[in-house]
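Notes follow the structure.
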2 protein chains.
Amino acid sequence: MTDPDMQTDTDHPLAVRKETLHDQVASRVRDLIIEGVLEPGSRIDETTLLSQLGVSRTPFRESLRTLAAEGLIVIRPSRGSQVRKLSPLEVHSMLEVLAHLEGLIGRLACERASDAEIKGMLDLHRRMIAFYESRNRLPYYKLNQEFHSRLAALSGNPTLVEIQANIQARLKRIRFMGNATPEHWANAVSEHEEMISALKSRDGPRLSSVMERHLVNTWERVQDSL
Amino acid sequence: MTDPDMQTDTDHPLAVRKETLHDQVASRVRDLIIEGVLEPGSRIDETTLLSQLGVSRTPFRESLRTLAAEGLIVIRPSRGSQVRKLSPLEVHSMLEVLAHLEGLIGRLACERASDAEIKGMLDLHRRMIAFYESRNRLPYYKLNQEFHSRLAALSGNPTLVEIQANIQARLKRIRFMGNATPEHWANAVSEHEEMISALKSRDGPRLSSVMERHLVNTWERVQDSL
DNA sequence: GATCTGGATATTATATACAAAATCGAAACG
DNA sequence: CGTTTCGATTTTGTATATAATATCCAGATC
């Protein structure tokens, strides 16, 4: 057979991770999509983007494949790629799954997180509240993303982390819209208060149910704007 | 996570789907991995496979990117690809997530499936039982995969379908092992009986819990063989 | 003997060239 | 007028060529 050299990275932790051009391009385009520079449904013109990014077609096209597998774009053979446009039904289906997964995240986090990690979450929460009180929307939003990602990490389940991140990426813009009105935002914040309280007391079932509700509410909040 | 494109498809339903070389290669290699021809942890020698498949490097490498995004292989920059080898912890994490998702699938299927669809599942189940009774393992296994995929489809949630398929693909060989001994197999079958009974009476919570248990048991059954 | 160094060899990454489709528009036709 | 057909143009798909990087092994050094 082939050589048994393990994929258990023999790399040094500090070794500078060499990033291939492909990965850079993928990240770059991913950001363009997530930030809405490339609008949903819009065609991706290879030549334009190509010259803009200053790379050749090979790494660029490879990165398109990656993004397609991630569900951010759609490639139609011989007819080019476009930024994936989510139908309301698809958005709903993602939120339905995400809500359910966050339920699991909540339960596992309560079981598995260390005291220090919980403390870290409390701190993060406090910073979010500060931004809320100063109505500083963008930084709040960023911390919110981090809040959910970190909680996922506390579940100790790498698959959960990966899938949550993927769905989160696909929904990023939409979730941002979810805090559109002052009332919506206030509701979201109070749900976060509940989460923190449940996490602090390691009440898995309660955290689980709050998180599910939180996402379901996001759907309510977002629904109209589709 | 592959996604049959279906964007604003202006395609005729009957239009022959033109498959790009890339996709063919991806499917081909995916099968090689899933069927274990390419063993976990083994290095993927580009030149060898290349000549074997009779395609040039461009589509081949693109397909590797796809498979990497699907989590079936690992690409280390400048150092080649290898078939992803799952640690017991990773397998456990996938089964934990899958169990939870199948719980959701069970509940939603009971709410949303049509009578005809449920009938179809009963029929599928009957065929599985026949193969079980004749101890025809491979066909049983295939129908089992189909059973779970179809149930996912009955949830009416495309995201759920996609993610379930992805995890299923990653775990395919392992799940096969799950029915290794006669007792294991018998247990799995009796769990299926329960599922069918719950589905027939549209008892969402019950189906949900049986399905979760089914997967957790798979973990128990498989654990030693890692 | 063990580790280090340098360069030959093999492998991967990127760029470019070429081929095959699809798109678009103008002219021909009904 | 509207539809169809054909070809020029653009865009995509695949192959190959070149550059960059890693791997491996022999010889040098301690």
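Note that this is a predicted model, so its numbers are computed, not measured. All values below were derived from every heavy atom in this structure, side-chain atoms included, with hydrogens, water molecules and symmetry-related copies excluded. Within every chain, numbering begins at 1; the chains are lettered A, B, ... in the order of the sequence lines, protein sequences first and strands thereafter.
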Rounded to whole Å, the NE2-P distance (A:His22 to C:dA15) equals 14 Å
*Determine: side-chain N/O of A:Thr20 to OP1/OP2 of C:dT14, distance under 4.0 Å, yes or no.*
yes
Would you kindly say whether B:Gln164 and B:His148 are connected by a side-chain donor-acceptor distance under 3.5 Å?
-> no
A:Phe60 CZ to C:dA15 P, in whole Å, measures 13 Å
From CG of B:Leu21 across to C1' of C:dA19 the rounded distance in Å is 13 Å
Out of D:dT12, C:dT11, D:dA22, minimum distance to the side chain of A:Arg43 belongs to D:dT12
Rounded to whole Å, the CD-P distance (A:Glu62 to C:dT12) equals 13 Å
note: A:Glu19, atom CD; C:dT14, atom P; distance rounded to Å ~ 11 Å
When rounded to whole Å, the CD1 to P distance for the pair A:Ile44 and D:dT11 reads 15 Å
Of the candidates D:dA22, D:dA15, D:dT12, the side chain of A:Arg57 sits closest to D:dT12
message: For C:dA15, does the base pair up with any side-chain atom of A:Thr58 as donor and acceptor (N or O, under 3.5 Å, distance only)?
response: yes
N or O in side chain of A:Ser56 less than 4.0 angstrom from C:dA15 OP1/OP2 | yes
Rounded to whole Å, the CZ-C1' distance (A:Arg79 to C:dC24) equals 15 Å
Between CD of B:Glu46 and P of D:dT16 the distance, given in whole Å, is 15 Å
Ranking B:Thr47 and A:Pro59 by the position along DNA chain C of their nearest nucleotide, the one closer to 5' is B:Thr47
